[in-house]
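Notes to accompany the following structure.
Per chain, numbering begins at 1; letters A, B, ... match sequence-line order. Hydrogens, waters and symmetry mates play no part in the numbers below; they use all other heavy atoms, side chains included.
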Amino acid sequence: MSEFEPKIIGFLCNWCTYTGADLAGTARIQYPPNIRVIRMMCSGGVDMVYVMKALLEGADGVLIGGCHPGDCHYQSGNFKARRRVAILKKILQQLGFNEDRVWLRWISASEGKKFANTVTEMVEHLKKLGPNPLKLNGNI
Amino acid sequence: MDNPVVVIGAGFAGLACAFHIAEGGVPVIILEKKEKLGGYFPELKRQFPTNTCGVCFMHPEYPAYCPYIEAERHPNITSFTNVNIENIEVFDEKVIVSFKTPNSFKQIEAQSVVIATGYEPFDISKKPELGGGIYENVYAALSFENFLYDLMAEGKELPYKKIAYVQCVGSRDLKVRKPYCSSFCCMYAIKQALLIKDFYPDVDVKIFFMDIRAFGKEYERYFREAINKGINFVRSAVATVRKRPSTGKLEVLYTKNGNVFEDTFDAVVLSQGASFDEQMVNLMKKLNINFDIYSSQPFDNREIKKNVYITGALFEPMDIPDSVIDGISTASLILSRYVIKPSIQEPSKIKQQKATKIGIFSYDLDYSTDDTLRQYFPEAIKVKDSSELGFAIKEHGFDGAIIVTNDIRKKESIIKSNNYFGLHINSVALIPSNNNALIEEIKSAQLRMKQVQRVNIHYKKLNNRVCIVGGGLAGLVSAKQLSKIGVNIVLIEKDEQLGGRLKDLPSRQELVKSYIEFVKNAENIETFTKTELKSVQGRFGEYLIEIESDEEKRKLKVDVILIATGAQPRKNVYSYEDGKKIFTFFDFEKRIEEIINSNCIVFIQCAGSRTDDNPICYRVCCKKAILNAIELKRKKPSLQIFILHKDVRTYGYSENIYREARALGVHFIRFSSEPEVSKNNNIINIKIIEEGTGTLFDLKPDYVILSTGVNPNTDDIKKLFDLNTVDGFLTPYNKKTGILEIKNGIYATGLCLTPLYTDDVIKQAEAVSIRIALKVLKRVFTVRFNTAFVNKKYCCGCELCVKACPVSARYIDIDEKIAKVDDVLCEGCGTCAMVCANKASQHKFYEHKGMLKTIDLMLGT
């Protein structure tokens with residue numbers, strides 16, 4: 001059996017992290033291809049239902065990328081995302097689900113390198129955690 | 001008209017000027033000495049007083065990217081880098097600029113030239129006594145800032161535990177021929193110190209300074225924040241910086257209150273000031289312009305020769321907010337001579353629907369990626385530019401397009417320009433290591449486009465009418481400038497006469513009269529005096545205002561509202577102010593004849609300001625008091641004048657008048673505890689302790705002039721428009737670059753925004769008028785395409801979305817009792833859609849069902 005390749009869904013904010021990801025691509029910085037990117041206008045617009053949905057459907061990890069605190073294009077979207085993710089993590093914990101599968105990171109438009117590093121790091125981390133238990137047998 | 005405007009120097013002021021001219025429909029050529037545009041700005045990742053990067057708000061149509069990316073993209077701007085200016089010849093109707101690029105020699109016939117070459121940081125090796133250029137741990141501030149950013153980005157520790165900042169290196173220093181104050185060094189030193197404190201709290205920071213010149217909007221608060229965070233400010237003069245060979249540490253020798261002290265540090269940062277580069281000096285020589293940096297105003301006018309303007313830090317050392325204003329106002333001067341024709345696009349009429357036929361386009365890809373793309377998607381079409389793309393789309397009948405390209409900027413510009421085709425456009429982030437990933441990306445983009453609704457741009461019409469509230473100087477200047485450009489104006493003034501506060505000042509009467517004359521005679525200005533603004537409804541493009549005077553009530557429709565309500569001098573700050581012998585600086589001019597016959601005068605600066613209750617610097621008082629003192633001293637040298645102050649904030653070339661005042665024998669006494677003033681039988685007695693030496697001065701002046709600053713008239717306006725204020729002054733959209741916008745469609749200028757000198761008020765009013773004109777003269781404006789929308793069936797009117805919206809674009813419709821979207825204000829962030837429990841609020845292009853399906857498709861389930 002070949003090595004387990006985790007699937008990551010990335011919800012990236014249009015202004016910072018998505019542009020950063022784009023920069024990583026244009027600068028030809030190498031990073032694993034395990035991430036599927038969904039561009040959002042703001043990390044504050046990421047519904048936690050989407051994160052749950054992705055996990056339920058078998059994503060091994062979810063990355064939410066936003067602007068650095070204070071740099072949000074919409075003033076406070078990233079803070080809202082931070083609060084929601086904190087709550088979501090608590091809920092996941094209660095359900096007995098490893099909350100480390102959901103990552104929230106601040107990556108600005110100029111930090112292509114940081115984006116690549118984050119994805120690499122996350123893939124390595126998820127490989128250690130193993131596949132999403134929901135994918136294997138449908139229960140936690 | 002066909003000749004372009006040449007802007008020399010692509011720093012902040014130059015780019016601000018270039019953008020606005022280009023937006024007005026005039027071609028612009030930017031010439032830059034360095035390899036890339038942006039000046040020193042790209043090196044400064046964080047800026048005071050917000051400690052963030054706030055540049056994307058600068059361009060006329062926000063949101064936008066950094067100015068130097070915009071400059072490359074703007075259709076009316078051509079830029080040349082690595083340019084060496086050879087000559088500038090001024091003729092009656094044109095200016096010929098000849099310059100060298102690395103490959104060629106060029107001559108351009110320009111209609112006008114803007115010189116915005118700015119400054120160069122002072123070379124610290126000219127100060128060897130401070131260790132500049134000798135020791136490796138003595139840094140120039142700019143290089144230290146870069147060093148700091150690198151450390152912070154990599155998460156490394158700062159190798160120094162104790163850092164000293166030495167201020168005024170290469171400014172306020174006659175020895176190195178820099179007589180002026182560079183205006184921005186105090187603030188960037190505080191910024192760096194705060195950054196150090198935020199990231200490395202254990203590090204000790206000491207700032208050795210002469211005066212802290214935090215004179216800008218809310219800068220005093222920033223300074224106080226630094227003190228509260230434990231940054232040490234030491235008022236002193238630094239004599240030498242030496243390295244002790246045994247420890248490798250730096251010894252700083254400084255004098256404070258006449259005593260010599262010594263302290264050791266791990267690193268010393270020299271806050272370098274502004275100096276002019278030689279190329280600019282040569283250029284000025286060629287233009288036959290003599291400017292004397294020892295005078296208080298080296299340039300009287302921004303038009304130094306016919307059709308040749310200077311702007312930015314070259315005019316006077318200034319920080320970013322000031323240079324943005326300066327650059328825009330220069331653009332305003334140039335544009336007011338032409339009929340502005342902003343580009344107008346026709347609205348598209350295609351209805352919303354899901355994409356059915358999606359084309360894949362490769363745009364400027366490198367060979368190998370292009371090859372792979374074709375392998376998987378043989379139908380991919382190669383295009384060279386956006387017009388070719390549009391042509392291909394029409395030919396094949398696509399209603400969606402995926403663009404694969406290497407260049408972010410191109411991608412964005414294609415997306416922007418092609419929204420007018422009424423298409424789904426999606427771009428794809430490249431993942432170079434793995435071609436499969438690219439293919440996956442494209443597939444998922446395809447899937448998503450089939451799931452979500454296509455979005456469309458629509459337009460609204462404007463009436464070309466602007467309402468100016470306040471007929472003071474700021475209001476009059478903007479009215480004149482706007483009417484010249486061709487905008488219709490409604491000018492509202494509370495008082496019986498126009499002219500505001502300045503019509504009472506003898507020295508300014510002439511100036512104000514000339515503007516009033518123009519405003520009265522102009523055809524497109526409607527003036528309402530003794531009239532007040534009663535109510536405001538609506539939003540940008542469709543404001544409905546109600547004005548009321550004694551005789552009548554009226555309702556008017558306007559596009560934009562400009563607030564210029566100004567300010568009035570603060571009065572009765574102290575109980576001892578009697579208006580006879582002790583009065584405010586505003587009455588000084590009227591009573592000068594009376595004052596000159598006395599023997600002793602005292603000016604009390606910062607009266608009731610820069611205290612814990614009122615932490616604000618009113619910016620104008622220091623220069624005003626010193627100018628008044630000089631005037632008195634010139635007329636009557638025997639007159640004794642004392643200026644009691646907390647810091648002397650004569651920034652820029654005003655430093656020269658400070659020096660002049662001291663030479664004339666004006667006494668400056670610094671205090672930290674409030675002076676004690678008592679009156680006994682018409683004899684005034686002031687007791688004051690000088691801060692440094694502790695000497696007690698007992699003064700018996702004939703007159704006391706209080707520099708009390710100004711109180712902005714914003715109380716009514718604040719309530720009417722629901723605005724925010726700090727210290728009574730209106731808070732702008734962005735503190736660094738979007739200084740003139742308060743909200744979408746509401747602008748402000750003059751003293752209600754920030755305390756300013758008369759000259760600066762004129763500049764600011766000119767700047768705000770061009771920004772308004774560029775928006776209003778378009779006649780139509782585009783509404784953002786991916787706004788939120790509401791599904792009426794599910795909305796329960798719970799107001800969650802109203803609370804969540806960062807730009808107050810959501811409101812509750814009182815009749816229908818459901819939430820609605822103001823699609824003009826909506827910035828399309830999707831936050832309201834997220835908080836909506838019923839999913840009644842949805843975000844176009846990010847609809848809930850579509851998003852869930854997209855996740856499914858991406859995971860292949």
Side-chain angles (χ1 to χ4, degrees), chain A residues 7 9 11-15 18-51 53-54 56-59 67-77 80-81 84 108-111 113-114 116 119 135, chain B residues 45-46 50-54 56-57 63 65-66 153 366 405-409 411-412 426-438 440-441 444-445 448 786 788 804-807 827-836 839 843 845-846 848 851-852 854-861:
Chain A
K7 261 192 181 178
I9 296 279
F11 295 99
L12 308 186
C13 124
N14 176 46
W15 302 101
Y18 187 81
T19 320
D22 216 2
L23 185 71
T26 46
R28 308 254 164 238
I29 302 167
Q30 304 280 320
Y31 64 90
N34 304 43
I35 188 164
R36 299 280 170 277
V37 174
I38 299 180
R39 171 155 77 156
M40 303 300 290
M41 285 310 281
C42 178
S43 53
V46 182
D47 199 329
M48 289 306 128
V49 172
Y50 303 160
V51 181
K53 165 94 178 167
L56 286 169
E57 294 291 343
C67 306
H68 283 273
D71 277 356
C72 180
H73 194 85
Y74 305 106
Q75 294 166 19
S76 60
K80 286 173 186 150
R84 280 170 203 148
S108 82
S110 60
E111 292 173 333
K113 181 96 187 150
K114 189 175 171 189
V119 175
K135 193 158 55 178
Chain B
K45 288 186 187 154
R46 282 157 196 261
T50 48
N51 278 3
T52 55
C53 169
C56 29
F57 301 97
Y65 278 109
C66 299
D366 62 78
T405 173
N406 264 334
D407 194 325
I408 313 170
R409 296 169 202 172
K411 213 183 273 181
E412 288 292 332
N426 212 332
S427 63
V428 171
L430 284 180
I431 301 173
S433 59
N434 193 315
N435 286 323
N436 284 338
L438 173 69
E440 289 277 327
E441 278 277 319
S444 63
R448 183 157 170 220
N786 54 347
C805 183
V807 289
E827 292 254 344
C829 66
T831 309
C832 53
M834 205 250 100
V835 295
C836 186
K839 296 296 163 213
H843 188 194
F845 204 62
Y846 298 87
H848 198 65
M851 285 299 293
L852 293 178
T854 311
I855 296 168
D856 272 355
L857 295 165
M858 281 198 167
L859 289 164
T861 51

(request) Would you indicate whether the side-chain heavy atoms of I38(A) and Y846(B) approach each other to under 4.5 Å? (result) no
(message) Could you go through E57(A) and L852(B), starting from their C-alpha distance and side-chain angles, then the distance that decides it, and tell me whether this counts as side-chain contact (heavy atoms from CB on, under 4.5 Å)?
(response) CA-CA 10 Å; E57(A) 294 291 343; L852(B) 293 178; over 6 Å; no
(request) Please say which of K53(A), K7(A), R36(A) ends up in a side chain to side chain contact (heavy atoms under 4.5 Å, CB included) with L859(B). (result) K7(A)
(request) Quick one: closest heavy-atom pair of G828(B) and Y74(A), and the distance? (result) O-OH, 3.6 Å
(request) For K839(B), look at atom NZ and say whether over 12 heavy atoms of other residues, nucleotides or ligands are found less than 6.0 Å away. (result) yes
(request) Could you tell me which of S76(A), S108(A), A54(A) has the largest number of non-hydrogen atom pairs under 4.5 Å with chain B? (result) A54(A)
(message) Just verifying a value: how many Å separate M851(B) CE and D47(A) CG, rounded to the nearest 0.5 Å?
(response) 9.0 Å
(request) Supply the atom-to-atom distance K80(A) NZ to T831(B) OG1, rounded to the nearest 0.5 angstrom. (result) 5.0 Å
(request) Working to the nearest 0.5 Å, report the span between OG1 of T854(B) and OH of Y50(A). (result) 9.0 Å
(request) Mind checking the NE2-SG spacing from H843(B) to C42(A)? Nearest 0.5 Å is all I need. (result) 9.5 Å
